[in-house]
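Just the heavy atoms: all of them, side chains too, but no hydrogens, waters or symmetry mates, feed the values below.
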There are 2 protein chains.
Amino acid sequence: MSDKTTVKEMIEIMVRGGWRITEQRRTLAEIFAKSEGYLSPKYVYDQMALSYPSVSFDTVYRNLRLLSDMGALEQFYFMDGGLKFRTSCLNHHHHHLICTNCEKTLTFDYCPMDQGIKLPGKFKLTSHRFEIYGICEECQNAMD
Amino acid sequence: MSDKTTVKEMIEIMVRGGWRITEQRRTLAEIFAKSEGYLSPKYVYDQMALSYPSVSFDTVYRNLRLLSDMGALEQFYFMDGGLKFRTSCLNHHHHHLICTNCEKTLTFDYCPMDQGIKLPGKFKLTSHRFEIYGICEECQNAMD
DNA sequence: ATATTTGCAAACGTTTTGCATGGAA
DNA sequence: TTCCATGCAAAACGTTTGCAAATAT
């Protein structure tokens with residue numbers, strides 16, 4: 001159902017990029033593969049520390065950046081919450097519905113760029129961003 | 001033509017909020033009123049320092065945050081470039097076309113939320129974000 | 001064997017805080 | 001005259017870097 005990148009795919013990406021597969025990187029991939037939403041570097045570090053008490057923050061950062069550069073992770077800067085990461089969906093173009101409480105995401109296929117929008121000026125378009133924010137059902141229930 | 005917030009409007013917002021109108025705050029408003037795109041705190045600080053050599057960085061930050069909280073400024077986090085600010089357009093709903101080179105913005109009225117998108121799950125929608133990125137005509141010409 | 005990756009520590013840039021002084025109301 | 005805003009300095013925060021030791025290839 002989901003088209004989230006799997007551990008196997010992430011490791012393939014690393015191998016293809018010529019990187020070595022260390023236990024830390026495997027663990028990093030597992031953490032993202034089993035997570036629903038956006039994760040902060042600190043959360044990822046804490047999770048990694050469960051398996052590797054001696055892991056260092058800079059290793060987490062380095063690998064987050066590498067995976068992000070390779071396209072295996074998507075970055076997102078939450079206005080209050082800073083930079084976070086989630087597995088990217090490489091298979092098809094879509095946008096996200098993001099719960100502002102738990103930061104879980106749902107995908108949807110509608111893309112405004114397919115609608116022939118009339119834009120002002122003479123821009124050379126390069127990319128776009130469309131996200132809808134809200135409170136997911138679970139969080140709504142939990143708030144009662 | 002433009003519906004950017006003017007100096008007068010920004011000062012009104014400050015007065016309505018019960019803030020005192022200092023020379024620094026007036027200057028801050030002027031800098032934004034005469035600017036086209038997103039400004040970094042550092043740039044704003046440099047501009048302010050032209051009028052007030054003794055201005056401090058924390059004053060700039062405090063006032064940027066205050067104006068932002070009051071809705072007079074919009075924040076945007078550029079993935080490489082950090083947090084920046086521009087005057088918000090309080091008059092009507094619209095979205096932005098952002099030049100990734102000079103960070104100038106153009107507005108356009110099309111809003112994907114008016115299109116009756118079918119969304120997955122049961123979300124309580126709170127807000128959305130739609131931006132198109134590209135290179136503006138001036139920057140395209142300058143690149144030749 | 002050897003080149004990459006790690007952990008440590010220290011540096012870095014940005015943003016925030018506490019407090020005495022200065023300035024707007 | 002009163003209280004808010006400022007400037008200064010220092011701290012906090014997230015992230016990055018240099019290097020020797022450890023490890024995947």
Notebook entry, point to check: Are side-chain N/O atoms of A:Q24 and A:T59 paired as donor and acceptor at under 3.5 Å?
Noted result: no
Tell me: [atom1] of [X] to [atom2] of [N], nearest whole Å?
| X | N | atom1 | atom2 | value |
| --- | --- | --- | --- | --- |
| A:Y45 | C:dC8 | OH | C1' | 11 Å |
| B:Y61 | D:dC8 | OH | C1' | 16 Å |
| A:N63 | C:dT4 | CG | P | 15 Å |
| B:E23 | D:dG7 | CD | P | 12 Å |
| B:R26 | D:dA5 | CZ | P | 15 Å |
| B:R62 | C:dC19 | CZ | P | 14 Å |
| A:I11 | D:dT25 | CD1 | P | 10 Å |
| A:Q24 | D:dA22 | CD | P | 14 Å |

For [X], answer base if it contacts any base atom (sugar-phosphate contacts may also be present), sugar-phosphate if it contacts only those atoms, and nothing otherwise; contact means non-hydrogen atoms under 4.0 Å.
| X | result |
| --- | --- |
| B:R25 | sugar-phosphate |
| A:D58 | base |
| A:R65 | sugar-phosphate |

Check: So A:H95 and A:F108, would you call those rings parallel, tilted or perpendicular, with 30° and 60° as cut-offs?
Finding: tilted
Checklist line | Under-4.0 Å side-chain N/O to phosphate OP1/OP2 contact, B:S54 with D:dT6 | finding: no
Next item on the list: Look at the side-chain N and O atoms of B:T59 and state whether any lies under 4.0 Å from the OP1 or OP2 oxygen of D:dA5.
Entry: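 No.
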Is the backbone of [Y] close enough, under 3.5 Å, to the side chain of [X] for a donor and an acceptor to pair up by distance?
| X | Y | result |
| --- | --- | --- |
| A:Q140 | A:I135 | yes |
| A:T126 | B:Y133 | yes |
| A:R26 | A:I21 | no |

Margin query: Using heavy-atom distances to pick each residue's nearest nucleotide on DNA chain C, tell me which of B:R20 and A:G18 is more 5'.
Written below: A:G18
Next item on the list: By nearest nucleotide on DNA chain D, pick out whichever of B:W19 and A:K42 is the more 5' one.
Entry: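 The 5'-side residue here is B:W19.
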